Each structure stands twice: as C-alpha cells, then as structure tokens.
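Contents: one structure, followed by commentary.
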Number of protein chains: 2
Amino acid sequence: MFARVNKHDGVPAYIQIMHIIKKEVFMGRIKERDQLPPVRELAEIFGVNMNTVMKALERLQLEGLVEAEHGVGYFIKESEIVKEEVLSMIRKVVRELKQKDMDLEVTKLLFEEVWRND
Amino acid sequence: MFARVNKHDGVPAYIQIMHIIKKEVFMGRIKERDQLPPVRELAEIFGVNMNTVMKALERLQLEGLVEAEHGVGYFIKESEIVKEEVLSMIRKVVRELKQKDMDLEVTKLLFEEVWRND
DNA sequence: AATAGTGTTCTAGTTAATTAGAACACTATT
DNA sequence: AATAGTGTTCTAATTAACTAGAACACTATT
C-alpha cells in the first residue's frame, strides 16, 4: 500500500511520507475514518525511525488531514467530497492544457509562480 | 524597482530574491533581453552578500529564466511567451484549489499523476 | 597591456533542519 | 491491576542549508 522512502533524493523523509499519505487519501485509496497502521509499523514500512513518521503525522494533523487519538491510533479526517471535487478539477485543467500543447515542466513552473504570487 | 529582502521571516534570502526577480519578469516590468543590474549592485539593493544573489541567479538560470555572460552581465532569456488564456486558466484553478486548502506540493503530485495517467 | 566592470569559484563559519534512541503516557482488554 | 498496543515527549547527534569574505577569471575599452 505504501511506497518505501528514498533516503538519497534530497527530499527529507518526513516530507516524502506526508506526500505519500496525502496522495493515497486524495486518490481514494485510503478512505475517510480509516485507521492508519500504527506509527511503529509505518516506521518499519517506510524504513525510518518512529519519530520521523510522527513528524509527518503531526504536520498532517495541523493541516487537518488526519487526527490522533492517544493510545488508539491515527485516523483519516478529510471529507470524500473535497477529494473528488479537487481531482476532477485537476483532470479538467490537465485536459485543457494538454490540448494547448503545454509541457508538464513549464506548467509546473507557472503553477508555482502563480501559487506564490497571486 | 526591487524590494529589499526581509532577513527574519524564515524564508531564505536567495529564495526571496528569486521570487522578486521572477515576479518582475512575470509582470512584464523587466522585458526580454533586458540586462539585470550587476551582482554587486543587486547585493547592495537586497542587503545581502554577492553570493546570495549568485545563488538566486544560478537557480533562475537552471529554470531558464535568465542567462549569464561571464564578464558582461545577466540577461533575461527569451522564453516562450505564455498565452494569456493559459495563464488565466491556471490563475483560476489555483484560486479554487487554494480555497479548498490544497497545498502546492500535493497539488503538484496530483498534477503529475493525472498528467501521466489520464 | 592596462584598467575598470563584470561574473565565478573556493573556503569556512553559523544556523537550522532532520533523524534517531529511549523513556513516558494513554486506552482497551483481560 | 496487569498487560499489550498504541501515541507522545525529551534529548542529542548528525547532516544539510545558508550566508559571507576573499581571491580568481572573463570582457570590453582605452
């Protein structure tokens, strides 16, 4: 279910873990109210220390994607509706941009620039 | 023309400088083929060391926005002119995604995934 | 070839980010 | 109340990022 973390590509492990979990949720492969595997198990899966997983989960909690219950576990918090809406929004704009012969890398740059400055 | 860098807001100076220059180009306040002020002058304007400016310019060069001529200066590179239609399309979707509390990095991930698989 | 104006590289100090080990704390079950 | 399974906090070592000073290298002009 989860990909292993790549320790030598420059991106911090906890950031990679955040991305992996977010992606799974947004793609609908982890559903609302699902319980995540225990922190220790995730640590083993990803090949990192428990606290590295903790750091990712804390940040995801701040962003409102997951919720911790002390002594019980971590649960997915985000609503299904937003995910579908976001996904189809992205699908639509990707379709339109491809039709205009845009290139992925340039698009990403523009995206970042607009994101930061608008 | 250029804003001064804020050294205490957590964002590294060279990143701030990249954003400032990008924005100037993006907004059309620096035109294609224009020469930038000398590195030393920029350093003074921004209130940082020459190498901090260098670092920003090197990254901008990698992204294809500027080009260095050793012993002469830095120039804005002629790039594909982005269609207004594309830009406003991106602006719109960025606005919507931000409203839904999406973050840039995950959006980029989803974007790539959809781009490659749709 | 000398000079002034420009970009570039080398080196190192400082600071911040990242990761890990170990002990602690809560919950549910028996 | 004991235990097993879970999240949490504390501390410290390591690593990476950031910035700066100084010397070097290229270009155009005289």
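Note that the structure is predicted; figures quoted are calculated from it, not measured. Just so we're on the same page: letters track the sequence lines, and every chain starts at 1. Note that these values count all heavy atoms, side chains included, but never hydrogens, waters or copies made by symmetry.
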Kindly say if [X] contacts the phosphate of [N], meaning a side-chain N or O under 4.0 Å from OP1 or OP2.
X: B:Asn51; N: D:dT19; answer: no
X: A:Lys7; N: C:dA20; answer: yes
X: A:Lys55; N: D:dG7; answer: no
X: B:Thr52; N: D:dC18; answer: no
X: B:Tyr14; N: D:dT19; answer: no
X: B:Asn49; N: D:dG21; answer: yes

* For the side chain of B:His70, counting heavy atoms from C-beta on, which of C:dT9, D:dC26, D:dA20 is nearest? ->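 Comparing C:dT9, D:dC26, D:dA20 against the side chain of B:His70, the answer is D:dC26.
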Searching all strands shown, indicate the nucleotide that pairs with [N] (Watson-Crick or G-U wobble; both distances under 3.5 Å).
N: C:dT9; result: D:dA22
N: D:dT27; result: C:dA4
N: D:dT15; result: C:dA16

Rounding to an integer number of Å, can you tell me how far [X] [atom1] sits from [N] [atom2]?
X: B:Leu62; N: C:dT8; atom1: CG; atom2: P; result: 12 Å
X: A:Asn6; N: C:dT19; atom1: CG; atom2: P; result: 12 Å
X: A:Glu58; N: D:dT6; atom1: CD; atom2: P; result: 19 Å
X: A:Gln16; N: C:dT18; atom1: CD; atom2: P; result: 12 Å
X: A:Glu44; N: C:dA20; atom1: CD; atom2: C1'; result: 16 Å
X: B:Leu36; N: C:dT8; atom1: CG; atom2: P; result: 12 Å
X: B:Met54; N: D:dC18; atom1: CE; atom2: C1'; result: 15 Å
X: A:Leu42; N: D:dG5; atom1: CG; atom2: P; result: 17 Å

* With nearest nucleotides of DNA chain C determined for A:Arg59 and B:Val39 from heavy-atom distances, which residue corresponds to the more 5′ nucleotide? ->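 Per heavy-atom nearest nucleotide, the more 5' residue is B:Val39.
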* **Whichever of A:Val48 and B:Leu57 has its nearest DNA chain C nucleotide further upstream toward 5'** =>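 Its nearest nucleotide being more 5', the pick is B:Leu57.
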* Given DNA chain D, 5'-ward residue of the pair B:Gly47 and A:Met50, judged by closest heavy atom ->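 Result: A:Met50.
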* First encountered from the 5' end of DNA chain D, between A:Pro38 and A:Gly10 ->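 First, find each residue's nearest nucleotide; the 5'-ward one identifies A:Pro38.
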For the residue pair [X] and [Y], establish whether any side-chain heavy-atom pair is separated by less than 4.5 Å.
X: B:Met18; Y: B:Lys55; answer: no
X: A:Trp115; Y: A:Leu110; answer: no
X: B:Lys7; Y: B:Val48; answer: yes

* Asked: With distance as the sole criterion, do the side chain of B:Arg40 and the base of C:dG7 form a donor-acceptor contact below 3.5 Å?
  ->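 Per atom types, the contact qualifies.
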* Donor-acceptor contact below 3.5 Å, side chain B:Arg4 vs main chain B:Ile45 ->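 Such a contact is found between B:Arg4 side chain and B:Ile45 backbone.
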* List, by chain and then residue number, the residues other than B:Leu62 in its hydrophobic cluster (Ile/Leu/Val/Met/Phe/Trp/Tyr, side-chain heavy atoms under 4.5 Å); write none if there are no others. =>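 Other cluster members: none.
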* Could B:Lys22 and B:Glu63 be called an ion pair, given the rule that one side-chain N must be under 4.0 Å from one carboxylate O? ->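 Looking at B:Lys22 and B:Glu63, the cut-off is met.
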